[in-house]
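Written out below as structure tokens is the structure these notes cover.
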Amino acid sequence: MAAVLANRIARRLRHIPPSYFVFIVLLATLWIARPNMLNLNIMGIFIRQIVPLGILVLGQLVVMRVKSIDLSGGGIILLINYFISSGSFPGAGLPFFIMLALATGLVIGLFNGLMIGNRRVSAVIVTLAVSIILVGLVQFLSSGNPPGDVPRLFNDLYNTKFLSVPTPVLFWILLTAAVSLLLSRTVFGRYIASVGENAEAAHFSGVPVQRTVVLAHTLAGLIAAIAALVQTGSIAVGSVRVGLDLPILAVAATILGGVVFGRGDGGVWGPFFGALCFALLFVVMTVLGVDEPGKLIAQGVIILGAAIFYGVRVRTP
């Protein structure tokens with residue numbers, strides 16, 4: 001009887017996103033090492049910095065739910081940053097840049113989706129190739145030099161607060177809630193779950209599998225564009241490197257949050273806390289006096305842990 005109970009507990013624990021455990025450990029470490037850091041204003045500053053990653057995670061978890069992946073987010077962020085900072089659109093205002101960014105993300109996401117969903121090309125190859133092409137394009141257009149400054153309004157909006165909560169963090173929370181509702185309460189969300197569980201069975205049940213994959217990647221492109229707008233507002237300057245490390249971190253945070261290819265046990269809030277773990281990790285490493293190489297090693301350990309968790313997860317019913 002005790003063995004059966006222990007087995008049930010172990011099975012339930014395996015289905016709890018590890019991001020929750022990592023977050024608690026990091027939070028406890030910070031509370032012991034520097035409790036005064038657990039301040040809403042201080043933590044808001046650090047959390048605000050990983051909002052672009054947190055937003056990109058939302059797109060990543062959508063495509064991973066249909067057994068795909070998207071590595072083009074870094075290229076999309078870089079291209080949109082160039083559009084905004086290069087001066088190519090003199091006199092353009094905030095609404096124009098927002099529409100341009102969203103259109104860019106939609107077009108690139110749609111292309112990814114058509115290649116993966118209709119042409120059945122490898123998602124890794126397509127999205128990685130697209131990212132490389134976009135990076136090369138930006139470096140060619142800018143001659144390898146940072147393009148210029150971002151309109152001041154972007155940074156002004158990024159630095160605003162609502163009830164002492166940084167606006168980007170609040171926006172991230174609301175966007176996460178919106179994606180949660182999309183996946184749990186809509187027909188499209190049910191289609192995504194069906195395709196992830198068994199694409200062949202979903203097809204014979206009348207689910208438009210190819211269209212669902214295409215729409216999932218299109219949505220991921222749109223979300224990457226939103227992340228690009230926030231990222232551009234955060235750095236307030238043009239760059240030829242910004243965002244390139246975010247796609248792999250987004251994959252790690254998504255897996256850490258309990259979402260593996262075709263399975264979404266962590267919902268959207270597991271990956272949400274997965275992204276938060278990277279923010280908290282940076283704070284803990286800074287408090288402990290760990291330099292940049294040490295932070296990279298710790299980041300790599302979390303990514304490795306996410307990969308190991310994925311390997312265990314796919315073998316566990």
Side-chain angles (χ1 to χ4, degrees), residues 16-57 60 73-74 77-78 81 146 150 155 158-161 164-173 176 227-228 230-258 266 269-310:
I16 296 176
S19 59
Y20 295 147
F21 298 116
V22 175
F23 181 79
I24 291 172
V25 170
L26 290 173
L27 199 63
T29 302
L30 186 60
W31 182 75
I32 294 171
R34 195 73 61 82
N36 62 309
M37 291 290 290
L38 296 176
N39 176 283
L40 181 60
N41 292 325
I42 296 176
M43 293 304 299
I45 293 173
F46 286 103
I47 294 174
R48 185 180 60 180
Q49 295 175 0
I50 57 96
V51 169
L53 170 63
I55 293 174
L56 198 63
V57 163
Q60 195 64 248
I77 291 173
L78 190 63
N81 174 269
V150 170
N155 191 246
Y158 178 80
N159 288 318
T160 58
K161 291 184 178 182
S164 300
V165 179
T167 303
V169 176
L170 183 61
F171 175 73
W172 175 29
I173 294 171
T176 301
V230 177
Q231 180 73 79
T232 299
S234 73
I235 64 174
V237 294
S239 172
V240 293
R241 297 295 303 170
V242 63
L244 297 185
D245 60 333
L246 293 186
I248 190 63
L249 293 179
V251 173
T254 304
I255 294 175
L256 198 64
W269 298 106
F272 177 88
F273 276 90
L276 277 180
C277 285
F278 284 103
L280 210 54
L281 175 68
F282 181 81
V283 179
V284 170
M285 294 291 101
T286 301
V287 166
L288 296 179
V290 179
D291 56 11
E292 193 62 29
K295 292 175 183 177
L296 290 174
I297 292 173
Q299 204 173 72
V301 168
I302 288 184
I303 294 173
L304 179 61
I308 294 172
F309 171 74
Y310 169 73

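Along the sequence shown, residues are numbered consecutively beginning with 1.
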Could you grab the distance from atom [atom1] of [X] to atom [atom2] of [Y], nearest 0.5 Å is fine?
| X | Y | atom1 | atom2 | value |
| --- | --- | --- | --- | --- |
| Leu288 | Thr29 | CG | OG1 | 7.5 Å |
| Leu281 | Thr286 | CG | OG1 | 9.0 Å |
| Thr176 | Ile55 | OG1 | CD1 | 8.0 Å |
| Arg48 | Leu170 | CZ | CG | 13.5 Å |
| Ile235 | Gln49 | CD1 | CD | 12.5 Å |
| Ser19 | Phe278 | OG | CZ | 10.5 Å |

Exercise. Before giving the answer on side chain to side chain contact (heavy atoms under 4.5 Å, CB included), spell out for Val57 and Phe272 the whole-Å C-alpha distance, their side-chain angles and the decisive distance to 0.1 Å.
Key: CA-CA 8 Å; Val57 163; Phe272 177 88; over 6 Å; no
Heavy-atom distance under 4.5 Å between the side chains of [X] and [Y], does that happen here?
| X | Y | result |
| --- | --- | --- |
| Leu30 | Leu26 | no |
| Met37 | Trp31 | no |
| Pro52 | Leu246 | yes |
| Leu56 | Gln60 | no |
| Leu38 | Leu27 | yes |
| Gln299 | Leu249 | yes |
| Phe21 | Ile16 | yes |

Quiz prompt | Derivation and outcome, side chain to side chain contact (heavy atoms under 4.5 Å, CB included), residues Leu280 and Phe23 | solution = CA-CA 7 Å; Leu280 210 54; Phe23 181 79; 3.7 Å; yes
What heavy-atom pair brings [X] and [Y] nearest, and what distance separates the two atoms?
| X | Y | result |
| --- | --- | --- |
| Gly44 | Pro166 | O-CG, 3.7 Å |
| Pro17 | Gly258 | CB-N, 4.0 Å |
| Val287 | Ala33 | CG1-CB, 4.1 Å |
| Leu244 | Pro247 | O-CD, 3.6 Å |

Practice problem: Applying side chain to side chain contact (heavy atoms under 4.5 Å, CB included), run through Gln231 and Val51 and close with a yes or a no. | Solution: CA-CA 8 Å; Gln231 180 73 79; Val51 169; over 6 Å; no
Verify, without hydrogens or angle tests, whether [X] (side chain) and [Y] (backbone) share a donor-acceptor contact under 3.5 angstrom.
| X | Y | answer |
| --- | --- | --- |
| Asn81 | Thr232 | no |
| Thr160 | Thr167 | no |
| Asn155 | Ala236 | no |

Exercise. Could you walk me through whether Trp172 and Leu276 pass the side chain to side chain contact (heavy atoms under 4.5 Å, CB included) test, one step at a time?
Key: CA-CA 11 Å; Trp172 175 29; Leu276 277 180; 3.9 Å; yes
Quiz item: How are the rings of Tyr20 and Phe273 set to each other: parallel, tilted or perpendicular (split at 30° and 60°)?
Solution: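 Tyr20 and Phe273: perpendicular rings.
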